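Lettering of chains follows the sequences in order, A, B, ..., and the numbering in each one begins at 1. Here the structure is a predicted model, which is why all the values come from computation and not from measurement.
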Amino acid sequence: DTGVSQNPRHKITKRGQNVTFRCDPISEHNRLYWYRQTLGQGPEFLTYFQNEAQLEKSRLLSDRFSAERPKGSFSTLEIQRTEQGDSAMYLCASSQYGSGNEQFFGPGTRLTVL
Amino acid sequence: EDQVTQSPEALRLQEGESSSLNCSYTVSGLRGLFWYRQDPGKGPEFLFTLYSAGEEKEKERLKATLTKKESFLHITAPKPEDSATYLCAVDGSSNTGKLIFGQGTTLQVKP
């Protein structure tokens, strides 16, 4: 299967701890997006990479959030000093520039901050 | 600022009872309008992309249409397996392709 994969699928952590999530996009896709989704809402944009370059970050993304995409392949999203308000589903999506921007999503990582 | 509003928030249908979901949008320049299906606890599954007013796309019991202000997802003779949340999103003013989503319509189809 060559779809988008995310790990871990679930993460439970205590307030103040750091967490890191991984996303492996579809191999030929050069665009990668992170979104956050809370219950009853649609996904909300967090950040975007084209190849290895991070080209946009949401104004909603605090300094506690950082993302990387080394070598333009997989991506990681780290949250430092987690807060209860960070509890959400974190979704990764990838697309191929010039193909119409159809974004294909992974299964998500469900974060619960106690 | 790009905005997307979906209605209704929830919809209950009997199996075979056709209906439509609405997505109203405000963008300064539409690059694409997307429909996704999302099952509980899973990531959104891509359904359709529409690019210009008057465009229509179909897949099984689903048909998506687009005007300059809104899009409709028509569901013909739905089955219980069509139960899910349907999300609408726009690729609008940004050059990055980020999607702006509505809050979704949760569809329940009873047998």
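Among the residues in residues 26-58 of chain A, those with a non-hydrogen atom closer than 4.5 angstrom to a non-hydrogen atom of chain B are A:Arg31, A:Tyr33, A:Tyr35, A:Gln37, A:Gly40, A:Gln41, A:Gly42, A:Pro43, A:Phe45, A:Tyr48, A:Glu56. By a heavy-atom distance cut of under 4.5 Å, not one residue of residues 75-86 of chain B is near chain A. Residues of residues 31-50 of chain B that come closer than 4.5 Å to chain A, counting heavy atoms only, are B:Phe34, B:Tyr36, B:Gln38, B:Gly41, B:Lys42, B:Gly43, B:Pro44, B:Phe46, B:Thr49, ordered by residue number. At a heavy-atom cut-off of under 4.5 Å, chain A is reached by B:Phe101, B:Gly102, B:Gln103 from residues 101-111 of chain B, listed in order of number.
B:Leu66 and B:Leu21 fall within the same hydrophobic cluster, defined by Ile, Leu, Val, Met, Phe, Trp and Tyr side-chain heavy atoms under 4.5 Å apart, directly or through other members. Cluster annotation: A:Leu61 and A:Leu91 are assigned to distinct hydrophobic clusters (Ile/Leu/Val/Met/Phe/Trp/Tyr, side-chain heavy-atom contacts under 4.5 Å, transitive). Residues A:Phe105 and A:Phe74 do not share a hydrophobic cluster, defined by chaining ILVMFWY side chains whose heavy atoms lie under 4.5 Å apart. One hydrophobic cluster holds both A:Leu111 and A:Leu77 under the rule that ILVMFWY side chains link at heavy-atom gaps under 4.5 Å. One hydrophobic cluster holds both A:Met89 and B:Leu99 under the rule that ILVMFWY side chains link at heavy-atom gaps under 4.5 Å.
The environment of CD in B:Glu15 is crowded: more than 12 heavy-atom neighbours from other residues, nucleotides or ligands sit within 6.0 Å. In B:Arg12, the CZ atom is not crowded: 12 or fewer heavy atoms of neighbouring residues, nucleotides or ligands sit closer than 6.0 Å. Within a 6.0 Å sphere centred on OH of A:Tyr97, other residues, nucleotides and ligands contribute 12 heavy atoms or fewer. Atom CD of B:Glu17 has more than 12 heavy atoms from other residues, nucleotides or ligands within 6.0 Å. Atom CZ of A:Arg64 has more than 12 neighbouring heavy atoms from other residues, nucleotides or ligands inside a 6.0 Å radius.
For B:Leu87, the part lying near chain A is the side chain, with the backbone staying farther off; criterion is any non-hydrogen pair under 4.5 Å.
Chain B forms more heavy-atom pairs under 4.5 Å with one residue of A:Arg9, A:Gln103, A:Gln6 than with any other, namely A:Gln103.
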